[in-house]
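All chains are named by letter (A, B, ...) in the order of the sequence lines, taking the proteins before the strands, and each is independently numbered beginning at 1. These numbers come from a predicted model, not from an experiment.
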Number of protein chains: 2
Amino acid sequence: MKDIKERLVPLLHEGYCTPQIARLAQKIKEPSTTIHYNIKKMEALGIIKAYKAVFDYKKIEQGFCVFVLISLSPDEYGDPERIAAELAKHSEIESVDICTGDWEMMLKVRTRDQEAYYTFLRKVISRRGIVKIKTLTSLKQVKTEFVLL
Amino acid sequence: MKDIKERLVPLLHEGYCTPQIARLAQKIKEPSTTIHYNIKKMEALGIIKAYKAVFDYKKIEQGFCVFVLISLSPDEYGDPERIAAELAKHSEIESVDICTGDWEMMLKVRTRDQEAYYTFLRKVISRRGIVKIKTLTSLKQVKTEFVLL
DNA sequence: TCATAAAATTGAATAATATTCAACTATTTA
DNA sequence: TAAATAGTTGAATATTATTCAATTTTATGA
């Protein structure tokens, strides 16, 4: 056994997939060359960013999911995007949004369990510029990435 | 012109994609038949739920993105999943989570613009059982669905 | 309005890829 | 330790994506 699975998951997580042109052609009832042309165009225009797999995260040791509401220090109001870009690099973070309202930033984070999240919190989230955070823990994920679980 | 694009986007949004076995095989340096076997196994076990495209949502008229924090009426504490499942059906909703803390539910919603969101709010979110909501509007999306924008 | 250019659609041919299958190896079970 | 099960792999086949050239449609400018 070569633990192929463990090496596949991270790749499929962010890419290494492709549209099924033949199936789309059959569904939409147009020639596959037409589908091909239109998809390549959307890729070239940057409309399509990636093709990826969606997992049942409980089954890949990523069952702990939280939303992190972040309040920035006034020093950072001018350039929240630098912190956002820094955070976005981490593979545990599913999404990073700069927001209005009581909180300046919203993260969605996935880890193995609460302990792994605590480690992540200390290592990544605790940094200069972030003055307050609030964690909302997901007890049950009903839909993710537009896919019903 | 047949507006192929408009018909492709909703399909690619939730599926109609497939893993690139040859590319994965090259990357991982294992035979493609081994990759194939392992992927089919993950699909059969329900580890992989779907293969889908990720879009630059501004470019498909879905540029308005919000997080909706929902507070349920005490009547519904016992069975928040029915409301969650109802909400999850709507294609505007990217994710539905049942949470701990001050709010019982978290939605991520995408619409064309603020007006479309307002309509959606009145039509879908306003319902018996939901007693309070708070909307956090995303001003800038840095990362979505594990994909950098 | 009409000529011209650019963009989009399409069928046929080809190239690339996924899938099947049978043999083999490694791992688990009793 | 034997037998059963699960995982790996190369070769053959089936399916699918891609290229290309021809054609149609749409946009542009005098």
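A:Leu8 places its CG atom 10 Å from the P atom of D:dT8, with the value rounded to the nearest Å. For the pair A:Lys41 NZ and C:dA6 P, the computed distance is 15 Å after rounding to whole Å. As rounded to whole Å, 13 Å separates atom P of C:dA18 from atom OH of A:Tyr16. Remark: P of D:dT25 and CD1 of B:Ile4 are 14 Å apart, rounded to the nearest angstrom. Remark: P of D:dT16 and CG of A:Leu24 are 12 Å apart, rounded to the nearest angstrom. The OH-P distance, from B:Tyr37 to C:dC24, rounds to 18 Å in whole Å. Atom-to-atom, NZ of A:Lys29 to P of C:dT10 comes out at 14 Å; the value is rounded to the nearest Å. Here the P atom of nucleotide D:dG7 and the CD atom of A:Glu6 are 12 Å apart, to the nearest Å.
The shortest distance between the side-chain N/O atoms of A:Lys2 and the OP1/OP2 oxygens of C:dA26 is not below 4.0 Å. Distances shorter than 4.0 Å separate none of the side-chain N or O atoms of A:Asn38 from OP1 or OP2 on C:dA8. Contact annotation: B:Thr33 side-chain N/O to D:dT8 OP1/OP2 distance is not under 4.0 Å. For the pair B:His36 and C:dT19, the criterion of a side-chain N or O lying under 4.0 Å from OP1 or OP2 is met.
In the set D:dT18, C:dA18, C:dT9, the nucleotide with an atom closest to the side chain of B:Ile21 is C:dA18. Comparing D:dT16, C:dT10, D:dT9 by their closest approach to the side chain of B:Glu30 singles out D:dT9.
Note that the CG atom of B:Leu45 and the CG atom of A:Asp56 stand 11.0 Å from one another [nearest 0.5 Å]. Atom CD1 of B:Ile47 is separated from atom CG of B:Asn38 by 10.0 Å, given to the nearest 0.5 angstrom.
In the hydrophobic cluster analysis, where Ile, Leu, Val, Met, Phe, Trp and Tyr join through side-chain heavy atoms closer than 4.5 angstrom, A:Phe146 is grouped apart from B:Phe64. Residues A:Ile35 and A:Ile48 share a single hydrophobic cluster, defined by chaining ILVMFWY side chains whose heavy atoms lie under 4.5 Å apart.
Each of A:Thr34 and A:Thr18 was matched to the nucleotide of DNA chain C holding its nearest heavy atom; the match closer to the 5' end belongs to A:Thr34.
Relative to the axis of its first five pairs, the axis of the last five pairs of the helix from C:dT1-D:dA30 to C:dA30-D:dT1 sits at 50°, rounded to 10 degrees.
Residues A:Glu145 and B:Lys49 are not paired through a salt bridge, judged by the lack of any N-O separation under 4.0 Å between the basic side chain and the carboxylate.
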Before giving the answer on side chain to side chain donor-acceptor pair (under 3.5 Å), spell out for B:Tyr51 and B:Glu14 the whole-Å C-alpha distance, their side-chain angles and the decisive distance to 0.1 Å.
CA-CA 7 Å; B:Tyr51 304 101; B:Glu14 291 164 44; over 6 Å; no

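Looking only at atom types and distance, the side chain of B:Tyr117 has a donor-acceptor partner in the side chain of B:Thr135 under 3.5 Å away.
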